[in-house]
Engineer: 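Next up is a structure, given as structure tokens.
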Amino acid sequence: MESEASSFESSETLAALVASTPLLEESWKVCGVADALVDSNFAVNRVGGTAYVGFSGVKLGAGVDQSCLNLVPLPDELFSSLCLDGADPAMVHAGLLQLFQSVYSDNLFRDQKVEIMNTSKLIVITGHSIGGAIASLLTLWLLCRLQTICSVICITFGSPMLGNESFPRVILQKRWAGHFCHVVSQHDIVPRLFFSPSCSFQFISEENKTQLFRVVLDSLGVVSRGECKSSFCPSGSYLFCTNNGAVCVDNGMVVIKLLYLTLLNGSQSSSLEDHLGYADFIRKVQWQFIENRSFMGGNIPESSYEAGITLALESLGIASHELNSEDAKEALKKAKKLGRTRNLNSANLAIGLSKINPFRAQIEWYKTSCDNSVEQMGYYDSFKQRGASRRGFKVNMNRIKLGQFWDSLIDKLEANELPYDFHKRAKWVNASQFYKLVVEPLDIAEYYRTGMHLVKGHYMQHGRERRYKIFDKWWNTENGTDHPTARSRFASSTQDSCFWAQVEEARDGLIKVRAESDARKFIKMLEDVTKFDQYAKRLIENKEVSQDVLAKNSSYTKFIEEWNDFQSQLQLLQPQFP
């Protein structure tokens, strides 16, 4: 089972959680303890059932290899479940990854890690500066392995950017973005450092602060205006802290925009001072949550929406008369709109589902007519061998339209444009399962009808659409893999939507095994066909197939005839293949 998605609906919920509980204060405290330890670069503090693991930015900063400034893929042995189909791999800063691997392999850390995982209800991984980057990588490693709901949260303070554009995308795809809260003070230079390709940790010093501030500000401005792309992208939620309060956003482009706009009114000195002053900011964030806020300007907007935007602007430390205030307002409005968009998208998809359901119903009617046809080929083979009929054309178009709808739904889900628990809601789990059982056999039929198996290989390994693999995970996560209850009649749809692809592969295997002269290959191929035959018989015995499987002229019936014939011939080959 995969680790569960974060239960945080939006950045606002996450911000309320960390600001209204001891999470921020306790996280910062354990970072300070880690800095003070003589023989370790991390510290552990337990508060009830919660374990806080803090990494020292001071000690770990000295261990970063300054020659490793490039981006490298996350190693499979540590992050094996992180991959994006057909996309660039998630990559991270080579020096920070190397530092994490050295921490991970430390014997003291390994011993404590096992104990913490076995005895804690909630694990909070935290770190300041470079320690925050190590905390993020450890959290990611834990998420790849944990199976409990919301068992780990990462809170960083002034952490540098960690990965490329695919890095936040894979976190969004896994529904893990809500596990990461990156606290950034108003002018802290470190979270903004890597937006300048020429800067690294070695440039952070009193002597270089003037040049460093200017270079980072200029580079960040170019990236925020979209004039060029940065090698690094934000991931998770960002809690921007100032002396006036805090604002939390989770959209990457908005984060970059606010990183630039809040730095505009900074200075060389404040860019370093703010990196060390998180204790004061944390106290002010909690005061803001507890106490009632008042408008600094005194003029309260009539609209509650505008009032909220104005309060957020003030919390960012940007006065309404400053030149960058309008850009900041637009960024905040975009962040607010994106938050509301998730529920709106969900509602629109529900409307869209009601509109495309008739397409699936028409395919089901087509299946019934095929199953009752005098040709006795069944649903799968009737579609595979269809002629240029109007009915066949319409069913094929319905198949394509349904696929487009579900692909667009997955795109929205992976872009974090739908509610966090969308993929666990019974409405969508069941709808996707019904769609898969009815339509995937048609996709398989079209794949073999057009000869794609001769070009790309068999469907299961080379042709299956990604949406079906995702729907398998949804269904198995919510319903488990237990055996279904006994049936008294055959299913309306075969419960293994890839059954016909396995039939095609088994028939092809029979052709190849007849021509195979190598004894070992022959036996292996024979075992594969035998396994499918046994599997199919179990499905039929349990009535987990549709009646079209047993149709007189179906591909499965032909397979059984070919298989029985081959087994008869095999008796004559026994002396040759003992």
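Throughout, numbering of the chain's residues begins at 1 and tracks the sequence.
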Engineer: Does Thr494 use its side chain to pair, donor to acceptor, with the backbone of Asp496 at less than 3.5 Å?
Structural biologist: no
Engineer: So which heavy atom on Asp371 is nearest to which on Ser546, and how close?
Structural biologist: OD2-OG, 4.0 Å
Engineer: Do the two ring centres, one from Phe195 and one from Tyr260, sit under 6.0 Å apart?
Structural biologist: no
Engineer: Tell me which one of Ile125, Ile155, Asp250, Leu143 satisfies side chain to side chain contact (heavy atoms under 4.5 Å, CB included) with Phe180.
Structural biologist: Leu143
Engineer: Salt bridge or not for Asp381 and Lys558, using N-O below 4.0 Å?
Structural biologist: no
Engineer: Is the positively charged end of Lys367 above the ring of Tyr379, judged by distance under 6.0 angstrom from the centroid and angle within 45° of the axis?
Structural biologist: yes
Engineer: If you look at every heavy atom in Leu239 and Ala246, which pair is closest and at what distance?
Structural biologist: CD1-CB, 4.0 Å
Engineer: Examine distances only and state if a side-chain atom of His179 and a backbone atom of Cys154 form a donor-acceptor pair shorter than 3.5 Å.
Structural biologist: no
Engineer: Which heavy atom of Ser224 sits nearest a heavy atom of Lys257, and at what distance?
Structural biologist: O-NZ, 3.8 Å
Engineer: Tell me if a side-chain donor or acceptor on Asn164 pairs with a main-chain N or O of Met91 at a distance below 3.5 Å.
Structural biologist: yes
Engineer: So, do Asp533 and Ile560 sit near enough that their side-chain heavy atoms are less than 4.5 Å apart?
Structural biologist: yes
Engineer: Are Val513 and Val529 side-chain neighbours, meaning at least one heavy-atom pair lies under 4.5 Å?
Structural biologist: no
Engineer: Using side chain to side chain donor-acceptor pair (under 3.5 Å), reason through Asn398 and Gln362 one step at a time and then give a plain yes or no.
Structural biologist: CA-CA 8 Å; Asn398 287 350; Gln362 290 170 15; 2.8 Å; yes
Engineer: So that I can tick it off, tell me whether Glu504 and Lys384 are bridged by a salt bridge, with the cut-off set at under 4.0 angstrom between side-chain N and carboxylate O.
Structural biologist: yes
Engineer: Do Glu364 and Thr368 come close enough that some side-chain heavy atom pair is under 4.5 Å?
Structural biologist: no
Engineer: When you look at Tyr366 and Arg391, which way does the side-chain contact (heavy atoms from CB on, under 4.5 Å) test go after all the steps?
Structural biologist: CA-CA 8 Å; Tyr366 172 79; Arg391 185 177 71 160; 3.7 Å; yes
Engineer: Can you see which heavy atom on Leu550 is nearest to which on Ile540, and at what distance?
Structural biologist: CD2-CD1, 3.8 Å
Engineer: If the threshold is 4.0 Å, N to carboxylate O, is there a salt bridge linking Glu417 and Arg342?
Structural biologist: no
Engineer: Of the non-hydrogen atoms in Cys248 and Ser237, which two are nearest, and what is the gap between them?
Structural biologist: SG-CB, 3.9 Å
Engineer: Between Arg386 and Phe383, is NZ or CZ placed under 6.0 angstrom from the six-membered ring centre and within 45° of the ring axis?
Structural biologist: yes
Engineer: Does Arg467 come within less than 4.0 Å of Asp443, counting only side-chain N to carboxylate O?
Structural biologist: yes
Engineer: Would a line drawn from the ring center of Tyr468 to the ring center of Tyr459 be shorter than 6.0 Å?
Structural biologist: no
Engineer: Of all the heavy-atom pairs spanning Ile444 and Cys498, show the shortest one and how long it is.
Structural biologist: CD1-CA, 3.9 Å
Engineer: Over 60° means perpendicular and under 30° means parallel, so classify the ring planes of Phe566 and Trp563, tilted if in between.
Structural biologist: parallel
Engineer: Is the side chain of Ser554 donor-acceptor paired with the backbone N or O of Thr557 at a distance under 3.5 Å, no angle test?
Structural biologist: yes
Engineer: Holding to salt bridge (Lys or Arg N to Asp or Glu O under 4.0 Å), I want the full list of residues that pass it with Glu165, two or more places apart in sequence or in another chain.
Structural biologist: Arg169, Lys229
Engineer: Would you say the ring centers of Phe359 and Phe405 fall short of 6.0 Å from each other?
Structural biologist: no
Engineer: Answer yes if the ring centres of Phe79 and Trp141 are under 6.0 angstrom apart, and no otherwise.
Structural biologist: no
Engineer: Side chain to side chain donor-acceptor pair (under 3.5 Å) for Lys537 and Gln534? Distances and angles first, verdict last.
Structural biologist: CA-CA 5 Å; Lys537 286 177 178 176; Gln534 294 171 346; over 6 Å; no
Engineer: Identify, with sequence neighbours excluded, every residue that meets ring-ring contact (aromatic ring centres under 6.0 Å, His included) alongside Tyr380.
Structural biologist: Trp500
Engineer: Would you please classify the geometry between the Phe499 ring and the Phe532 ring as parallel, tilted or perpendicular, with 30° and 60° separating the classes?
Structural biologist: tilted
Engineer: Count the heavy atoms belonging to other residues, nucleotides or ligands that lie under 6.0 Å from CD of Glu375, then report whether that count exceeds 12.
Structural biologist: no
Engineer: Would you please test Leu418 and Asn343 for side-chain contact (heavy atoms from CB on, under 4.5 Å) and show each step?
Structural biologist: CA-CA 6 Å; Leu418 292 172; Asn343 288 327; over 6 Å; no
Engineer: Fit a plane to each ring of Phe240 and Tyr238, take the angle between them on a 0 to 90° scale, and name the class: parallel (under 30°), tilted (30 to 60°) or perpendicular (over 60°).
Structural biologist: tilted
Engineer: One thing to verify: whether Lys512 and Asp528 come together as a salt bridge, which I'm taking to mean a side-chain N less than 4.0 angstrom from a carboxylate O.
Structural biologist: no
Engineer: Check for a donor-acceptor pair, side chain of Asn396 on one end and backbone N or O of Gly392 on the other, with a separation under 3.5 Å.
Structural biologist: no
Engineer: Parallel, tilted or perpendicular: which fits the ring planes of Tyr447 and His453, with parallel below 30° and perpendicular above 60°?
Structural biologist: tilted
Engineer: Please work out which of the three classes, parallel, tilted or perpendicular, describes the rings of Phe422 and Trp474, given edges at 30° and 60°.
Structural biologist: perpendicular
Engineer: Run the salt-bridge test on Arg514 and Asp565 with the 4.0 Å N-O cut-off and return the result as yes or no.
Structural biologist: yes
Engineer: Parallel, tilted or perpendicular: which describes the rings of Tyr448 and His458, with under 30° parallel and over 60° perpendicular?
Structural biologist: tilted
Engineer: Are the side chain of Ser120 and the backbone of Met117 linked by a donor-acceptor contact shorter than 3.5 Å?
Structural biologist: no
Engineer: Any side-chain to backbone donor/acceptor pair from Thr139 onto Ala135? Under 3.5 Å, distance only.
Structural biologist: yes
Engineer: Whether Glu440 and Arg464 form a salt bridge (side-chain N of Lys/Arg under 4.0 Å from carboxylate O of Asp/Glu) is what I want to check.
Structural biologist: yes
Engineer: Checking side-chain contact (heavy atoms from CB on, under 4.5 Å) for the pair Met377/Asp548: CA distance, chi angles, key distance, verdict?
Structural biologist: CA-CA 7 Å; Met377 287 195 297; Asp548 67 316; over 6 Å; no
Engineer: Looking at Gln461, I'd like to know if its CD atom is crowded, meaning that more than 12 non-hydrogen atoms belonging to other residues, nucleotides or ligands lie closer than 6.0 Å.
Structural biologist: yes
Engineer: Output the distance between atom NZ (Lys355) and atom CG (Asn357), rounded to the nearest 0.5 Å.
Structural biologist: 12.5 Å
Engineer: For the pair Ser159 and His182, evaluate side chain to side chain donor-acceptor pair (under 3.5 Å) and give the outcome as yes or no after the intermediate values.
Structural biologist: CA-CA 7 Å; Ser159 174; His182 304 292; 5.1 Å; no
